[in-house]
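Structure, as structure tokens:
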Amino acid sequence: MAWADVLSESTQNLTHQTRSTRPTYLPPHLRQLGGRGRGGRSNRNSFPPPDGPNFNQRQRATPYDIITEKLEQVEMTDDGNNNSAVINLDAYEDVPVEATGSDIPPAVKSFGEIEMCEALNENIKRRKYVKPTPIQRHAIPIVMAGRDLMACAQTGSGKTAAFCFPIISRILRDRFEQVVSGRNGARTRIAYPTALILSPTRELSCQIHDEAKKFAYQTGVKAVVAYGGAPIAQQLYNLEKGVDILVATPGRLVDMIERERVSLKMIKYLALDEADRMLDMGFEHQIRKIVQQMDMPPPGTRQTMLFSATFPDDIQRLASDFLSNYIFLTVGKVGSSTDLIAQRVELVQDMEKRSHLMKLLSTQKANGTRGKPALTLVFVETKRGADALEHSLSMNGFPAIAIHGDKVQRERERALRSFKSGATPILVATDVASRGLDIPHVAHVINFDFPKDIDDYVHRIGRTGRAGNSGMATAFFSDKNMPLAKALVELMQEAKQEVPSWLSQCAQNFVGSVRSTRYGRSKFGGSDFRSSQNDYYYPSTNNNSDANSFMDTYTDGYNTGGYAAHMSFDNYASAGARSSNADYYGAHNPGPYAHYSTADDYPPNNIDAFAANGNEYGYGSIVASGWD
DNA sequence: AAAAAAG
């Protein structure tokens with residue numbers, strides 16, 4: 001079958017596909033009617049209205065300032081060693097920045113401009129953070145000024161530090177100014193943290209905790225982590241010894257609160273990492289419970305910071321419940337560090353994915369760099385699929401290990417360690433690993449199953465190309481993914497990536513058939529939803545609903561070129577991929593992108609190399625092995 | 001029809 005036939009056939013099939021099955025956005029005031037199958041009393045209007053000073057004024061804030069800038073060149077900080085903490089700031093040259101809100105504190109150019117205690121400064125030096133990244137330059141002064149913040153910054157750009165520094169710094173300042181502290185004395189077993197950092201996965205919470213501990217070293221500020229899947233006793237013991245910053249996943253935290261071992265009464269700083277995920281379906285209820293139904297001080301009396309690389313409008317609406325007169329900050333909205341990730345998309349049907357993956361991996365293997373295997377992260381849709389693919393790869397001589405939520409925590413951590421160390425250079429993962437995890441030296445992210453939500457794609461590929469390093473991402477795109485073609489094309493264009501013509505074609509064929517925001521209008525970062533005049537804004541609790549006029553000024557900041565050069569295709573296939581197996585990327589397929597368009601292209605000549613075993617997962621019997 | 005997060 002010729003390539004054109006495949007395309008036309010696949011587009012014909014599309015007409016039979018059902019439209020998006022993702023639930024459409026339901027305004028909060030209608031949710032109790034069961035729209036998302038979430039019963040119960042979680043209607044936010046039923047919460048007692050918070051009585052913070054700014055609470056009811058937050059949407060009535062004075063005309064908003066808009067700060068738009070492009071950064072001047074910042075120094076390269078690479079000191080030559082391979083320390084992953086060193087960020088190649090050169091890569092962030094010309095990153096566009098936009099801040100909206102009232103009275104926006106000016107950005108700083110160096111850590112020196114921020115008033116922080118000496119111990120914290122020492123720790124920053126220890127971590128080899130010479131100059132702040134763009135998100136840090138802007139976010140730190142905002143947090144230091146006591147302002148609430150909703151921040152979008154590209155993956156791998158130092159978000160954790162952007163909220164950890166100022167939180168630690170402010171805790172120290174508070175302690176100095178008012179001697180009073182919420183720390184528990186010997187008489188109570190209840191812990192009273194002053195800062196709470198929530199994240200969507202256990203591994204991410206651990207990672208944030210590790211970072212926070214390093215930054216807080218010798219400052220007297222104590223960070224403790226709490227997450228499920230591990231014995232609770234040790235975590236409780238750590239809390240008893242005193243805690244300032246509690247890093248937690250939602251479930252375990254609620255458990256501890258209900259056991260009356262933790263109280264949120266003294267919380268002054270609340271940070272949600274991967275905030276859009278935290279407020280997405282499935283998590284929102286738990287987060288609301290923690291933030292609005294426990295003893296947490298209301299917005300305006302605590303400081304709230306939300307961070308993510310993506311922030312859809314509907315999620316921003318939900319999030320504004322938690323915030324008071326906040327500043328919206330976008331860093332790297334268009335060009336973004338994902339310039340550093342060379343993205344490629346291949347049309348691969350489900351049946352062919354495994355053999356295609358193995359071909360790809362064997363090419364890569366043959367060209368490993370510096371004697372070290374290139375770390376490759378393969379994303380799949382389901383837990384079962386992850387296990388099946390892990391098995392299949394292992395049986396064919398590819399050192400792979402899987403990580404997903406059905407594994408016990410020890411196994412999850414073991415898999416991650418084994419991957420990081422290079423012992424198992426292929427990690428097959430579900431979305432448990434898609435967000436926030438900082439794994440140095442991931443060379444290649446493969447979207448074996450294309451994600452259902454384009455924002456997940458952004459987060460997944462963000463596992464490579466971190467801290468200013470380059471990386472590559474390959475997506476297998478099948479007929480089933482056509483509804484996302486348009487969003488993918490737009491995203492790739494914004495990241496200055498070459499879009500294969502067949503994909504543009506698919507996108508065009510789908511125009512008008514998908515209206516959902518989540519499918520249609522995704523991009524790196526986002527824009528302040530308060531500025532879109534047409535969207536009805538749902539004010540919370542007892543506010544009046546005259547919301548449309550609350551922000552009158554808005555300019556569309558970015559625009560036109562000037563971003564750091566992105567990689568050409570030659571760079572893309574680097575890491576030696578053009579040597580012995582060059583036809584994989586080159587001669588075999590004349591275009592800049594390699595497609596396996598027909599059955600004749602496959603199997604590759606050396607298929608025996610990885611399918612000779614004849615086991616049930618071998619080439620040819622893929623269908624029977626769990627991919628139903 | 002999926003992943004994650006409590007046990």
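Letters A, B, ... mirror the listed sequences (proteins, then strands); counts begin at 1.
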Study note, to complete from the structure: Between CG of D276(A) and P of dA3(B) the distance, given in whole Å, is 19 Å

Exercise for review: Report yes if at least one side-chain N or O of T430(A) is closer than 4.0 Å to OP1 or OP2 of dA4(B); otherwise report no.
Suggested key: yes

Exercise for review: With the side chain of E381(A) defined as its heavy atoms from C-beta on, choose the nearest nucleotide among dA2(B), dA5(B), dA4(B).
Suggested key: dA2(B)

Point to revise | Distance (rounded to the nearest 0.5 Å) between E413(A) CD and K420(A) NZ | key: 10.0 Å

Practice item. Considering just the side-chain nitrogens and oxygens of T201(A), establish if one lies under 4.0 Å of OP1 or OP2 belonging to dA3(B). Key: no

**Study point:** Closest to side chain of R202(A), choosing from dA2(B), dA6(B), dA4(B)
**Key:** dA6(B)

Review point. Rounded to whole angstroms, how far apart are CD on Q409(A) and C1' on dA4(B)?
Key: 12 Å

Check your understanding: In whole Å, what is the span from the CG atom of D455(A) to the P atom of dA3(B)?
Key -> 19 Å

Check your understanding: With a 4.0 Å cut-off on heavy atoms, is R259(A) in touch with a base, just the backbone sugar-phosphate, or nothing at all?
Key -> nothing

Review point. At under 4.0 Å, does any side-chain N or O of K452(A) touch on OP1 or OP2 of dA3(B)?
Key: no

Review point. Which of these nucleotides, dA2(B), dA5(B), dA6(B), is closest to any side-chain atom of R252(A)?
Key: dA6(B)

Point to revise | Nearest to side-chain heavy atoms of P250(A), which nucleotide of dA2(B), dA5(B), dA4(B) | key: dA5(B)

**Study point:** Atom pair CG/CD of L198(A) and Q286(A) - distance to nearest 0.5 Å
**Key:** 10.0 Å

Review point. Does a side-chain N or O from R460(A) land closer than 4.0 Å to OP1 or OP2 of dA3(B), or not?
Key: no

Exercise for review: Let me know the distance between CZ of R277(A) and P of dA5(B), rounded to the nearest Å.
Suggested key: 11 Å

**Study point:** Among dA4(B), dA3(B), dA5(B), the one nearest Q286(A) by side-chain distance
**Key:** dA5(B)

Review point. Could you state the CZ-P distance from R384(A) to dA3(B), rounded to the nearest angstrom?
Key: 10 Å

Review point. To the nearest Å, how far apart are K289(A) NZ and dA6(B) P?
Key: 13 Å

Exercise for review: Report the distance from atom CD of E258(A) to atom P of dA5(B), rounded to the nearest whole Å.
Suggested key: 18 Å

**Study point:** Mutual orientation of the aromatic rings belonging to H356(A) and F476(A) [parallel < 30°, tilted 30-60°, perpendicular > 60°]
**Key:** perpendicular

Practice item. Only pairs at least two apart or in different chains count here, so list each salt bridge (Lys or Arg N to Asp or Glu O under 4.0 Å) that has a residue in residues 192-207 of chain A. Key: E203(A)-R412(A)

Practice item. For the residue pair Y457(A) and F450(A), categorise the inter-ring angle as parallel (less than 30°), tilted (30 to 60°) or perpendicular (more than 60°). Key: parallel

Point to revise | Y227(A) OH - dA5(B) P separation (whole Å) | key: 12 Å

